[in-house]
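Below you'll find the structure, written out as C-alpha cells, and then a few comments.
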Amino acid sequence: MKKGYITEIFSSFQGEGPYAGRRQIFIRFAGCPLSCFYCDTPYARDPTPGTCTVFGNNERFIENPMPAHLVIEFVKELRTPDLHSISYTGGEPLLSPSFVEEIAKAAKSMHLKNFIETNGCSARAFASVAGYFDFASIDIKLRNHRAVEEKDYDRLYSNAMECIKISVDRGIETIVKVVVIKNTAVEEIEEICRDLADLNIKFVLQPVTVSGGRAQIDIEPGIKELFALSETAGLFLPRVMVIPQVHKFMRIR
Ligand code: SF4
C-alpha cells in the first residue's frame, strides 16, 4: 500500500473551466515544482506537510504521509448524491504518480469518475496514470507566468503538449487551460493554438485572479484583450471559452 503527502481533502464545487459548478471531492497533493507568480495555493507547494487537513462535518488533521486506503475512506465519507468526480489537484499530482495511481484505481473500482488537474510538468508521469482518468485539465504556462526559469520554459511547454496529446489519444475528455494576464501577447496564444489545432480539446482562457486591491487591477486583462485572445484562439480551435475562477466569487474553497 502506497503512502503519500496530501495537503487537504474536501468536498466543494469545481471553480474552473467547463465543469465549474459540478460537485467534486478534491484531493490536493502536496508539492509543486513550478512557481507561477499568481499561485493561489502557495501552501500546497510544500512537498512534505506534517498533516493533511480533512474538511468534513468537522475539521481533522491527519498525519502525513497518508496511506492510499485512508484517502479512499475519506472519499467514501465525503461522497454526496450530486458528486461528479474526484479531483486530483495540487500542488501537483504528477509529483506522486504511483500514489495517485493507487487512489485512482480504487476510486474506479467504486465506479467513481476521476478528474486530474495538472500543470503538465511531466509527460512520463502523466502517461503512467492516464489510464485511470476520465477528465484531464492540463495547464499551459506562458513565459510571463514565471513558472520556471527562462532556460527551462521550452521543456515545460513540450511536456505540457505531450500530456495533452497522450490525454486525447487515450480518449480522456481533455481541457487545456491558459491563465491570461494583462498584455498577454496575441502571438503567444496564436502559437499555442496552432500547436493544438488538430486535437480534440476544450480550450479555456482563464483571466488571472489575485487577491483583490490594486494588484488585481494592474494585472487583470481587460474585456477587449479577452475578445482579441478568444478570437485568435477561435481561428484554430472550435471550442474556446473564457471562464474566470468562479469559486473566488462564491468565496468557497
Ligand atoms: S502550477 Fe499551480 S500550484 Fe504550482 S505554482 Fe503554478 S499555480 Fe501554484
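Note that ligands are numbered from 1 as they come in the structure, with each ligand's atoms numbered from 1 the same way.
- Alongside Met241, the hydrophobic cluster contains Tyr19, Phe115, Phe135, Ile175, Val204, Ile243 (criterion: ILVMFWY side chains under 4.5 Å).
- Between the side chain of Arg22 and the backbone N or O of His84, no donor-acceptor pair lies under 3.5 Å.
- With 3.5 Å as the limit, one finds no donor-acceptor pair spanning the side chains of Asn159 and Arg124.
- For Phe29, the ring-ring contact (aromatic ring centres under 6.0 Å, His included) criterion is met by Phe99, not counting sequence neighbours.
- Applying the ring-ring contact (aromatic ring centres under 6.0 Å, His included) test to every pair with at least one member in residues 39-63, sequence neighbours left out, gives no pairs at all.
- To the nearest 0.5 angstrom, Thr209 atom OG1 is 8.5 Å from Ile219 atom CD1.
- For atom 2 (Fe) of ligand 1, the closest non-hydrogen atom of the protein is Lys141 NZ, 4.4 Å.
- Protein N/O/S atoms nearer than 2.8 Å to atom 8 (Fe) of ligand 1 total 1.
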